[in-house]
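Structure provided below as structure tokens; questions to follow.
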Protein chains: 2
Amino acid sequence: MVTEALTEDAAAGLARGFKALGDPVRLRLLSLIAARAGGEVCVCELTDAFTLTGPTISHHLKVLREAGLIDCQRRGTWVYYWIVPARLAVLSQLLDVSAAAASTGPTR
Amino acid sequence: MVTEALTEDAAAGLARGFKALGDPVRLRLLSLIAARAGGEVCVCELTDAFTLTGPTISHHLKVLREAGLIDCQRRGTWVYYWIVPARLAVLSQLLDVSAAAASTGPTR
DNA sequence: TCTCTGCCTAGACAGTCATCTAAACAACCG
DNA sequence: CGGTTGTTTAGATGACTGTCTAGGCAGAGA
């Protein structure tokens with residue numbers, strides 16, 4: 001099992017991802033996009049799900065995008081967002097490995 | 001597959017966990033504790049691994065503890081910290097499920 | 001009891017963040 | 001071309017965060 005302590009650089013990269021997830025609004029945005037049939041969601045639908053202003057939603061989407069968790073494309077009038085599964089998997093795996101190491105006991 | 005959108009309350013609880021992970025120092029602390037043979041680490045060892053002051057490390061440990069990710073106990077002079085695997089597993093699973101939903105296509 | 005060491009709390013300070021309003025940009029449609 | 005709608009950018013503001021220094025509490029040992 002790979003349970004080495006993180007290097008400073010690795011921790012910084014991963015923390016950027018977790019930090020983006022550390023806001024209830026962004027988590028719900030991610031969840032709304034992930035749960036979406038077709039995998040793509042228009043911004044207007046996301047905005048409707050909150051009592052926040054458009055610019056605020058736009059800001060949160062930008063944070064998620066800059067963290068590599070989602071990506072987007074404009075098609076005509078509308079902008080569509082989707083999940084980047086590989087990035088989520090990396091973060092998930094770190095937690096999974098740490099939890100496993102802790103619950104199954106010492107590594108060495 | 002369970003890929004419902006998160007409720008506001010659920011998102012708030014989960015975000016508290018991810019927020020605690022969203023700092024490089026805290027991520028490294030968690031990793032150091034998880035990688036530790038025996039599952040427990042003394043604060044003094046953690047402090048030595050950083051160029052930060054004791055109070056700063058203490059602060060970060062408190063944040064992790066209040067997020068339910070670690071727990072601690074004083075035994076004589078020293079305080080020992082350990083991972084709470086169940087909490088990490090919950091966060092890991094959320095990401096895993098979202099990634100899976102996004103990569104395998106529509107849920108319905 | 002006195003002192004030493006390990007750890008935490010309190011308070012201060014600079015930097016970051018979530019949110020808003022106002023304004024700009026982009027695409028469609030008359 | 002002008003107007004309407006969807007989305008983002010810019011700037012402001014109040015709140016929160018990471019870090020420090022100073023000081024306090026807890027346990028061990030002389």
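Throughout, a chain's letter reflects where its sequence line sits, starting with A, and its residues are numbered from 1.
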Tell me every residue that passes side chain to side chain contact (heavy atoms under 4.5 Å, CB included) with B:Pro55, counting only those two or more places apart in sequence or in another chain.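 Scan of B:Pro55 (side chain to side chain contact (heavy atoms under 4.5 Å, CB included), adjacent residues dropped) gives B:Thr53.
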With sequence neighbours excluded, tell me which residues meet side chain to side chain contact (heavy atoms under 4.5 Å, CB included) with B:Ser58. none
To 10°, what angle do the rotation axes through the five end pairs on each side of the helix from C:dT1-D:dA30 to C:dG30-D:dC1 form? 10°
Filter on salt bridge (charged side-chain N to carboxylate O under 4.0 Å, His left out), then keep only pairs touching residues 7-17 of chain B, sequence neighbours left out; what's left? A:Arg28-B:Glu8
Run the salt bridge (charged side-chain N to carboxylate O under 4.0 Å, His left out) test against A:Glu66 and tell me which residues pass, sequence neighbours left out. none
Within the structure shown, what part of the strands sits under 4.0 Å from B:Thr77 by heavy-atom distance: base, sugar-phosphate, or nothing?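 Since only primed, P, OP1 and OP2 atoms lie under 4.0 Å of B:Thr77, the category is sugar-phosphate.
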Looking across every strand, which nucleic acid part, if any, lies under 4.0 Å from B:Gly76 by heavy atom: base, sugar-phosphate, or nothing?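 B:Gly76: backbone/sugar contact only, no base atoms under 4.0 Å.
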Has A:Ser98 got a side-chain atom pairing as donor or acceptor with B:Ala34's backbone, closer than 3.5 angstrom? no
Using a 4.0 Å heavy-atom cut-off across all strands, classify A:Tyr81 as base, sugar-phosphate, or nothing.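 A:Tyr81: backbone/sugar contact only, no base atoms under 4.0 Å.
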Say whether, by atom type as modelled, one donor and one acceptor occur between the side chain of A:Arg75 and the main chain of A:Thr77 under 3.5 angstrom. no
Only counting residues at least two apart or in another chain, list the ones meeting side chain to side chain donor-acceptor pair (under 3.5 Å) with B:Glu45. B:Arg36
Strand contacts (DNA chain C) in residues 13-20 of chain A, 4.0 angstrom heavy-atom criterion: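 Heavy-atom contacts with DNA chain C come from A:Lys19.
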Please list, in 5' to 3' order, the outermost nucleotides of DNA chain C lying under 4.0 Å from any heavy atom of chain A.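 Nucleotide range in contact with chain A: C:dC17 to C:dC28.
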Can you pull out the residues from residues 56-65 of chain B that lie within a 4.0 Å heavy-atom distance of DNA chain D? B:Thr56, B:His59, B:His60
Does anyone know the first and last nucleotide of DNA chain D in reach of chain A, 5' to 3', at under 4.0 angstrom to a heavy atom? D:dG6 to D:dT9
Results of side chain to side chain contact (heavy atoms under 4.5 Å, CB included) for B:His60 - residues two or more places apart only: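 For B:His60, the residues satisfying side chain to side chain contact (heavy atoms under 4.5 Å, CB included) (neighbours in sequence not counted) are B:Asp23, B:Val25, B:Arg26, B:Leu29, B:Thr56.
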Show every side-chain hydrogen bond (donor to acceptor under 3.5 Å, both in side chains) that has at least one partner inside residues 81-90 of chain B, sequence neighbours left out. none
